[in-house]
Number of protein chains: 2
Amino acid sequence: MESRLTIGQLAKSTETKAVTIRYYERARLMSPATRTAGGYRLYTARERDRLIFIKHARQLGLSLEDVKALLGLADDEEAPCDRVDEIIHVQLARVRERLKHLRQLEQELDRLERCCHGDKIADCQIIESLSRAHGP
Amino acid sequence: MESRLTIGQLAKSTETKAVTIRYYERARLMSPATRTAGGYRLYTARERDRLIFIKHARQLGLSLEDVKALLGLADDEEAPCDRVDEIIHVQLARVRERLKHLRQLEQELDRLERCCHGDKIADCQIIESLSRAHGP
DNA sequence: GCTTGACCCTATAGCCACTAGAACCTTCAT
DNA sequence: ATGAAGGTTCTAGTGGCTATAGGGTCAAGC
């Protein structure tokens with residue numbers, strides 16, 4: 001029983017938006033869907049799986065470029081998976097980089113939040129602090 | 001001794017780029033600079049301070065919109081600084097939100113990185129894992 | 001005065017990953 | 001037959017710059 005989904009059904013069942021799915025088609029992450037006589041897109045379970053793959057990879061913060069690469073790799077069962085490892089590895093490094101940065105931000109913002117004891121701008125330590133060139 | 005800076009000198013002395021400074025002018029964060037007869041922008045120390053303020057606020061991850069608001073507030077010495085506090089507070093909350101998210105990403109990517117023991121795509125646990133709908 | 005080369009100007013388009021809106025067409029239940 | 005819900009394409013916008021093209025200006029040295 002191949003029940004085919006309209007774009008709206010696919011969207012709902014994967015928690016994506018229809019516009020996004022169309023965007024993925026234009027961006028060549030999804031291949032062009034088959035159409036009804038009236039031009040509506042119809043999707044198979046396979047295509048749904050592919051969209052889930054994309055979604056999952058996106059949730060890991062991977063760029064569409066990376067996702068495209070992974071999809072290409074996933075299609076070739078015999079290829080070595082070094083490249084897959086590398087993509088994940090690079091992404092992990094990026095995430096750790098951003099974590100480091102965000103943790104610094106958090107500290108600085110926290111410090112700023114605590115330091116405001118004025119009630120007028122003239123006494124506001126936050127404005128004061130932003131006005132000077134700074135060390136952390 | 002009012003030594004005025006060209007845009008390039010201002011850029012260098014604040015570690016910004018000239019294009020960015022022009023962009024800030026168009027975006028109304030910097031007011032239009034005075035010009036030489038030939039049309040070159042010239043900046044005063046005051047304007048340099050303003051740019052440093054912007055830069056610092058941007059480094060805290062604030063949007064240009066927020067920075068614009070802060071600049072407006074900073075100009076009114078008598079105004080109460082509740083709004084300043086709020087901007088910083090909201091930003092801190094955003095940063096903490098993103099930290100939470102990134103920490104989850106880190107875990108998931110780390111798990112993926114460890115789990116790949118195949119050498120062909122067919123056995124690759126990463127691809128495998130991306131293919132299914134997931135819980136963390 | 002003239003040339004050189006570093007610097008500056010504007011305007012336009014591109015980046016990423018969507019999102020919004022307009023104007024129209026299809027499907028399906030009643 | 002009608003009307004609502006959902007689909008279609010197309011264009012333009014988001015943020016915060018960055019890149020490129022095609023020119024003009026400035027200061028120093030000759």
Side-chain angles (χ1 to χ4, degrees), chain A residues 3-30 32-43 47 50-51 53-71 87 90-91 94-95 98 101 105, chain B residues 3-30 32-43 47 50-51 53-71 87 90-91 94-95 98 101 105:
Chain A
S3 75
R4 289 165 166 265
L5 304 169
T6 64
I7 198 168
Q9 290 164 341
L10 176 60
K12 191 169 287 179
S13 82
T14 55
E15 294 175 294
T16 321
K17 291 180 184 170
V19 277
T20 304
I21 299 172
R22 283 191 285 257
Y23 173 76
Y24 287 164
E25 184 178 313
R26 278 220 324 286
R28 304 184 156 281
L29 278 101
M30 299 288 283
T34 55
R35 305 283 187 123
T36 66
Y40 280 27
R41 288 172 178 81
L42 289 179
Y43 295 93
E47 286 167 304
R50 191 175 172 97
L51 183 56
F53 185 109
I54 295 171
K55 241 217 138 189
H56 193 174
R58 288 289 298 139
Q59 279 165 354
L60 293 176
L62 293 166
S63 68
L64 291 190
E65 204 52 44
D66 281 344
V67 178
K68 213 187 287 190
L70 284 175
L71 283 165
I87 289 172
V90 167
Q91 179 62 10
R94 266 198 297 252
V95 165
R98 289 180 58 202
H101 183 216
L105 276 194
Chain B
S3 76
R4 289 165 168 266
L5 303 169
T6 65
I7 198 168
Q9 290 164 340
L10 177 60
K12 190 170 286 181
S13 83
T14 56
E15 294 176 294
T16 321
K17 291 179 184 172
V19 275
T20 303
I21 299 173
R22 283 191 287 256
Y23 174 76
Y24 287 163
E25 184 178 312
R26 278 220 326 285
R28 304 183 154 283
L29 278 101
M30 299 288 284
T34 54
R35 305 282 187 124
T36 65
Y40 280 28
R41 287 173 181 81
L42 289 179
Y43 294 94
E47 286 166 303
R50 192 175 173 95
L51 183 55
F53 184 107
I54 295 170
K55 240 215 139 191
H56 192 173
R58 288 289 298 140
Q59 280 165 354
L60 293 176
L62 293 166
S63 68
L64 291 190
E65 204 53 42
D66 281 345
V67 177
K68 212 186 286 189
L70 284 176
L71 283 165
I87 288 172
V90 167
Q91 179 63 9
R94 264 198 296 252
V95 165
R98 289 180 59 201
H101 183 216
L105 276 194

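By convention in this document, chain letters (A, B, ...) are assigned in the order of the sequence lines, proteins followed by strands, and residues within each chain are numbered from 1.
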Report task. Could you check how far CD1 of B/I54 sits from P of D/dG16, rounded to whole Å? Result -> 12 Å
Report task. Compare side-chain N and O positions of A/R41 against OP1 and OP2 of D/dG7 and report whether any pair is under 4.0 Å apart. Result -> no
**Report entry** Proximal nucleotide (of C/dC18, D/dG7, C/dC8) relative to the A/T6 side chain
**Finding:** D/dG7
Requested in this report: Could you grab the distance from atom CD1 of B/I54 to atom OG1 of B/T16, nearest 0.5 Å is fine?
Outcome: 9.0 Å
Query raised in the report: Checking A/Q91 side chain against A/L60 main chain: does a donor-acceptor pair fall under 3.5 Å?
Result: yes
Report task. Find the distance between CD (B/E15) and NZ (B/K12) and round it off to the nearest 0.5 Å. Result -> 11.5 Å
Query raised in the report: Would one find a side-chain N or O of A/T20 under 4.0 angstrom from OP1 or OP2 of C/dC18?
Result: no
Query raised in the report: Can you tell me if B/R94 uses its side chain to pair, donor with acceptor, with the backbone of B/L62 under 3.5 Å?
Result: no
**Report entry** A/R4 CZ to D/dG7 P, straight-line distance once rounded to whole Å
**Finding:** 16 Å
Requested in this report: Have a look at A/R26 and say if it touches a base, only the backbone sugar-phosphate, or nothing, with a 4.0 Å heavy-atom cut-off.
Outcome: nothing
Query raised in the report: How is A/R22 classified with respect to the nucleic acid when contacts are heavy atoms under 4.0 Å: base, sugar-phosphate, or nothing?
Result: base
Query raised in the report: Rounded to the Å, how far apart are B/R58 CZ and D/dG16 C1'?
Result: 6 Å
Requested in this report: Please confirm whether any donor atom in the side chain of B/Y40 sits under 3.5 Å from an acceptor in the base of C/dC7, or the reverse.
Outcome: yes
Requested in this report: Show your working on side chain to side chain contact (heavy atoms under 4.5 Å, CB included) between B/V19 and B/R22 and close with a plain yes or no.
Outcome: CA-CA 5 Å; B/V19 275; B/R22 283 191 287 256; 4.0 Å; yes
Query raised in the report: With nearest nucleotides of DNA chain C determined for B/A18 and A/V19 from heavy-atom distances, which residue corresponds to the more 5′ nucleotide?
Result: B/A18
Requested in this report: From the options C/dA17, D/dT9, D/dC17, select the nucleotide whose nearest atom is closest to the side chain of A/L64.
Outcome: C/dA17
**Report entry** Side-chain donor/acceptor contact of B/Y23 with base of D/dG15 under 3.5 Å
**Finding:** no
**Report entry** Gap between atoms NZ and P, on B/K68 and D/dC17 respectively (whole Å)
**Finding:** 13 Å
Query - Rounded interatomic separation in angstrom, taking CG from B/L42 and C1' from C/dC7 - result: 13 Å
Report task. Provide, to the nearest angstrom, the distance between the CE atom belonging to A/M30 and the P atom belonging to C/dA17. Result -> 17 Å
Report task. For B/Y43 and C/dC9, give me the distance from atom OH to atom P, rounded to whole Å. Result -> 7 Å
**Report entry** Atom pair distance, as rounded to whole Å: CZ in B/R35 and P in C/dC7
**Finding:** 19 Å
